[in-house]
Amino acid sequence: MSALRLILADQLSASISSLESLGAEDTVMLCEVMEEAGYVPHHPKKIAFLFAAMRHFAAELTARGVHVRYIKLDDPANTGSFSGEVQRAVAELRPNSLIVTEPGEYRVLEMMKSWQYELSVPVEILTDTRFLATHDQFAAWAADKKQLRMEFFYREMRRQYGILMDADGKPTGGEWNYDKENRKPPKASMTSPPRIAHKKSAITREVLSLVKDRFSHHFGTLEPFHYALTRAEALIELDHFITHCLPCFGDFQDAMVAGEPYLYHSLISSYLNAGLLLPLEVCLRAEAAYRAGNAPLNAVEGFIRQILGWREYIRGVYWHFMPEYGERNVLNATRALPDFYWGAPTQMFCIAESVRHTRDHAYSHHIQRLMITGNFALLAGLDVKAVQEWYLAVYSDAYEWVEMPNTLGMALFGDGGVVASKPYAASGKYIHRMSNYCKQCKYDPDEVTGENACPFNALYWDFLVRHEDKFRGNQRMPYVFSTWDKFAPEKQQAIRAQAAATLQKIAEGRL
Ligand code: FAD
Ligand code: DLZ
Ligand code: SF4
């Protein structure tokens, strides 16, 4: 009996279910295919990271004596798709079965299900046991809830895994959540700890040359390229974060500083999502740092919540509501995505800076994604599909299971409040408080109308008034509409005229 075992680029874990009970006669297949590399214009760094990590993973399996079938992008026989490659492999190797772990995207799961009818061998689609909550568990938790809230899901996960829990069943420190301590603005001239630049192997250099040849037309710079590409290197990244960044992670989690893309963030999402790190080991490492007295509770709890709470919750939402979820657009947002998302000049410093980080690193941190590029898209009513395509393409950690609920749900409120209980809408005042961006901007965050007024300000009010029917009664936005109601009618008119002019400028590429 021999099995063909397919590993996707985001399944690079030796402990993945599709490699369990691997037999000596089995073949493990990995393939670089144009269909995946091109269905959105992925950032060149993302493609290089995935191809190089796949090739290193394949080399490690080969060194263990495993039969590996590795299809490179430029292999002349490459059919260009997962379906084409499994068909070709089944025809050539004649295995008794095809074994896969469920993928991270609904689109690919549908594809895998169709193989059961198209191939001459049985197809086994296994559960992805690397995640900490199963689909059934999430569905059972969600079943009796009128409204889903991450916070309550997170508490269940803390209890289930015994993370940051005391022997009496209470949360360590007495509170479940220390977020109120985690919203400090940046300090003057704040810089982040140095980051690791991993050495390039011959494999990596070959991939960089391939990506340069084939994907230079995609948005984003390929080099310098310093990503971790093996599990050993990803563990070094994790160690570096725990030692040098975790102690300040909580305090400055929401801060934004010009020229400092990383601050105290972990930069591990690409490694977690590709399988080079596992979520449980990351949470346990952070907890151990707290227990050893090396990091404060607000930082450690905040970090663990991102992984044990948000990451699992977001995945739960995706699989629970797909495929209908992907068609939602409750705010009817349809405005064309401005060219400045793809690097065209803009005078809004905060946007230009966030897009620069994205272009150069295939990374920007959560608050830039949510409160700068996401917030602008929300306020301006940018087309939800175009915005989602942008997020899926430009970040090296992006796969639909995690990108879609974050973008459509958290940033754009397009899911009607499943992920977020109120829209993350903010004016320039918030950005001014949490960053040093506004000092370098042509616009003034304190002005709402006039030539130099920050565009976020009028758009903020206009957004709320446009969607008044949905938000006026929202319990979590008690003072917003009472403030608007107190504005004189002339002021309200001037704000709405300013917003209309701003939207016109967006359409004309003049913002
Ligand atoms: P840290 O700030 O150091 O956080 C630690 C870890 O927590 C991250 O590595 C990540 O694994 C996890 N995490 C934190 N927040 C979230 C969240 N909201 N959802 C899921 N996991 C979370 N994250 C992705 O992994 N892929 C995406 O495609 C993605 N798209 C996003 C789109 C938008 C509009 C927004 C607002 C957020 C998105 N996020 C996405 C979540 C978050 O911004 C990134 O996980 C984070 O910025 C990655 O950087 P880091 O590793 O330095 O994270
Ligand atoms: C994102 C991506 C890219 C760019 N290229 C490949 C590839 O060539 N081969 C592969 O196995 N996977 C790739 N991926 C990741 C897949 O798109 C991802 O596995 C699915 O979207 C499921 O999450
Ligand atoms: Fe952004 Fe407005 Fe601040 Fe300029 S003034 S950086 S546009 S928030």
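First listed ligand is number 1; within each ligand, the first listed atom is number 1. When reading the values below, keep in mind they use all heavy atoms of this one structure, side chains included, and skip hydrogens, waters and symmetry mates.
- Under a 4.0 Å criterion applied to the non-hydrogen atoms of Met410, ligand 1 contributes the atoms 18 (N).
- Look at Glu389 and Lys385 and you find no salt bridge, because none of the NZ, NE, NH1 or NH2 atoms lies under 4.0 Å from a carboxylate O.
- Across Ser427, Cys454, Ala352, Ala258, heavy-atom proximity to atom 8 (S) of ligand 3 is greatest for Cys454.
- Contact annotation: for Asn273 versus ligand 1, heavy atoms closer than 4.0 Å belong to the side chain alone.
- No option in Trp390, Tyr391, Tyr341 other than Tyr391 meets the side chain to side chain donor-acceptor pair (under 3.5 Å) test with Thr373.
- Salt-bridge annotation for Asp239 and Arg285: present, with a side-chain N of the basic residue lying under 4.0 Å from a carboxylate O of the acidic one.
- Within the listing of ligand 1, atoms 1 (P), 2 (O), 3 (O) sit less than 4.0 angstrom from a heavy atom of Phe249.
- Heavy-atom contacts of Leu272 reach the following atoms of ligand 1: 11 (O) (cutoff under 4.0 Å).
- Heavy-atom proximity to Tyr443, at under 4.0 Å, picks out these atoms of ligand 3: 5 (S).
- Near Glu105, the atoms of ligand 2 lying under 4.0 angstrom from a non-hydrogen atom of the residue are 21 (O), 22 (C), 23 (O).
- Residue Ile314 approaches ligand 1 through these ligand atoms, each under 4.0 Å from one of its heavy atoms: 19 (N).
- Listed by number with element, the atoms of ligand 1 under 4.0 Å from a non-hydrogen atom of Phe303 are 5 (C).
- Taking every heavy atom of Ile431 and a limit of under 4.0 angstrom, the matching atoms of ligand 3 come to 8 (S).
- For ligand 3 and Cys441, the ligand atoms under 4.0 Å from any heavy atom of the residue are 4 (Fe), 5 (S), 6 (S), 7 (S).
- In this structure, Phe241 has its ring center under 6.0 Å from that of Phe303.
- For ligand 1, the atoms lying closer than 4.0 Å to a non-hydrogen atom of Thr407 are 32 (C), 34 (C).
- In the vicinity of Leu370, heavy-atom distances shorter than 4.0 Å reach the ligand 1 atoms 36 (C).
- Considering only non-hydrogen protein atoms, atom 1 (Fe) of ligand 3 sits nearest to Cys350 SG, 2.4 Å.
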